[in-house]
Amino acid sequence: MKRIKVNLDKQSSLSHEIYIGHNILDRMGLVIAKSNLAHRYSVITDSNVSALYGEEILGVLKEVNVKADLIEFPAGEASKNMETVLAIVRELINRGIDRSSALIALGGGVTGDITGFIASIYMRSIPCIQVPTTLLAQVDSSIGGKTGIDLPEGKNLLGAFSQPQSIFIDLRFLETLPDNEFINGLSEVIKYGIIDDVDLFTLLEEKSDAIRCRDPHILQAIVERSCKIKKAFVEIDEKDVGLRRILNFGHTIGHAIEAASGYTISHGNAVSAGMIASARISEKMKHLSSEDRGRIQQLVRAVGLADHIPASISTEGIIAKTRTDKKKEGDSIHFVLLKKIGMPFINGSVEEALIRETIEELKK
Ligand code: ADP
Ligand code: ZN
């Protein structure tokens, strides 16, 4: 089991460890038992993950005499709302969970977001341990302390920065992940290669077949590198006001595609198309070579992610959504562009006409 330390400013939050390995739940139990973090734990999980791993995690905790129970909610992004939060909170109260207790989020990004959010407000906040079970949650959403829920008005509109107490990434969870969910997470891994680590990008190119077959050694290597990259950005810019925006590469257009499709396109496929769009815009503005743009497109295809935008989604709809992106400042859209693979920069003045032309090209 590898350990990665996330070093954060003590005044705003606590530094914590990320543990990564294959089959690490037993060791997780020992670490939790030794930590004396809480008298009792509530594992929050969705219906799918509960059926697969609920009993097992309770068994692991019981083995080391850690008192724990489990609360389940219906799987799916549709659960990421205030009703689910209130239902879980009432259950916590009924079961006598108090300030000497802690939560364990067992599941994908939805579970991590809901549980982290509840932990940040329940009885003025209690600790939360993240145990991500999807690739997307393991390499991205469980790290960084962003928690929250969706409102009818938009996604992630209510939430808090609240760092987890620790993060346990067991690669064994990936074995049961449906193919589309696995590929969904690869989009963020490719993003890390593009924005920070050309060696990771090259590894992904060389091993794309092994990755699709979920070779455990390759998975360990790419998850570990992804976590190190994400945590480094979080350490420098915990509250997402500066450098962390680089992590938004491919997401301005990606989020707009997702929203304009009425969320019928997955985050991974929207971001992969968004990354290709950003690479094309970088090329058109003479920052990026056509060779590097081609490599990005090729890798996206090789892992089975979308390299185009469905013609049925209106270009004007996408453009309108980029204008309402939360990350927008005043009137200028901050785009993450590329000089080369591994070298991103932020540009505040991408012409709307260029975005429109690029989206149209990606529909062909
Ligand atoms: P994400 O992690 O992509 O943000 P979710 O939390 O909604 O999104 O997880 C995606 C789907 O995968 C959900 O239906 C969830 O129940 C399911 N799931 C999560 N982890 C696993 C796993 N290890 N094995 C099988 N299914 C899983
Ligand atoms: Zn993303």
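Both ligands and their constituent atoms are indexed starting at 1 by order of listing.
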* Would L186 end up clustered with F249 when hydrophobic side chains under 4.5 Å apart are linked, directly or stepwise? ->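 Looking at the clustering, F249 is in the same group as L186.
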
* **From CA spacing to verdict: salt bridge (charged side-chain N to carboxylate O under 4.0 Å, His left out), E188, K230** => CA-CA 10 Å; E188 307 293 342; K230 171 98 193 224; over 6 Å; no

Pairs under 3.5 angstrom, nitrogen or oxygen on both sides, ligand 1 versus protein: list them out, please.
from: ligand 1; atom 1: 2 (O); to: G109; atom 2: N; distance (Å): 2.7
from: ligand 1; atom 1: 2 (O); to: T134; atom 2: OG1; distance (Å): 2.7
from: ligand 1; atom 1: 4 (O); to: G109; atom 2: N; distance (Å): 3.4
from: ligand 1; atom 1: 6 (O); to: G109; atom 2: N; distance (Å): 3.1
from: ligand 1; atom 1: 6 (O); to: V110; atom 2: N; distance (Å): 3.1
from: ligand 1; atom 1: 14 (O); to: N48; atom 2: ND2; distance (Å): 3.0
from: ligand 1; atom 1: 16 (O); to: D46; atom 2: OD1; distance (Å): 3.2
from: ligand 1; atom 1: 16 (O); to: D46; atom 2: OD2; distance (Å): 2.7
from: ligand 1; atom 1: 16 (O); to: N48; atom 2: ND2; distance (Å): 2.9
from: ligand 1; atom 1: 20 (N); to: T133; atom 2: OG1; distance (Å): 2.7
from: ligand 1; atom 1: 23 (N); to: T133; atom 2: O; distance (Å): 3.1
from: ligand 1; atom 1: 23 (N); to: F173; atom 2: O; distance (Å): 2.9
from: ligand 1; atom 1: 23 (N); to: T176; atom 2: OG1; distance (Å): 3.4
from: ligand 1; atom 1: 24 (N); to: T176; atom 2: O; distance (Å): 3.4
from: ligand 1; atom 1: 24 (N); to: T176; atom 2: OG1; distance (Å): 2.7

* Please confirm whether the backbone N or O of I129 pairs with a side-chain atom of Y41, one donor and one acceptor, at under 3.5 Å? =>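 Not confirmed, Y41 side chain does not pair with I129 backbone.
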
* Is there a donor-acceptor pair closer than 3.5 Å between any side-chain N or O of T358 and the backbone N or O of A277? ->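 Looks like no, no N/O pair under 3.5 Å.
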
* When rounded to the nearest 0.5 angstrom, what is the spacing between CD in E91 and OG in S42? ->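 So the gap between those two atoms works out to 8.0 Å.
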
* **Rounded distance [0.5 Å steps], CG in D209 versus CD1 in I218** =>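 Atom-to-atom, D209:CG and I218:CD1 are 11.0 Å apart.
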
* Is the F173 ring parallel, tilted or perpendicular to the Y53 ring (thresholds 30°, 60°)? ->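 Because their plane-to-plane angle is over 60°, the rings of F173 and Y53 count as perpendicular.
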
* Of all heavy-atom pairs between G109 and S141, which one has the smallest distance, and what is that distance? ->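 For G109 versus S141, the nearest heavy atoms are CA-OG, 3.6 Å.
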
* To do: Take atom CD of E175 as the centre, draw a 6.0 Å sphere, and report whether it contains more than 12 heavy atoms from other residues, nucleotides or ligands.
  =>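 More than 12 within 6.0 Å, yes.
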
* Cut-off under 2.8 Å, centre the Zn ion (ligand 2), protein N/O/S atoms ->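 Near the Zn ion (ligand 2), below 2.8 Å, one finds E188 OE2, H251 NE2, H267 NE2.
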
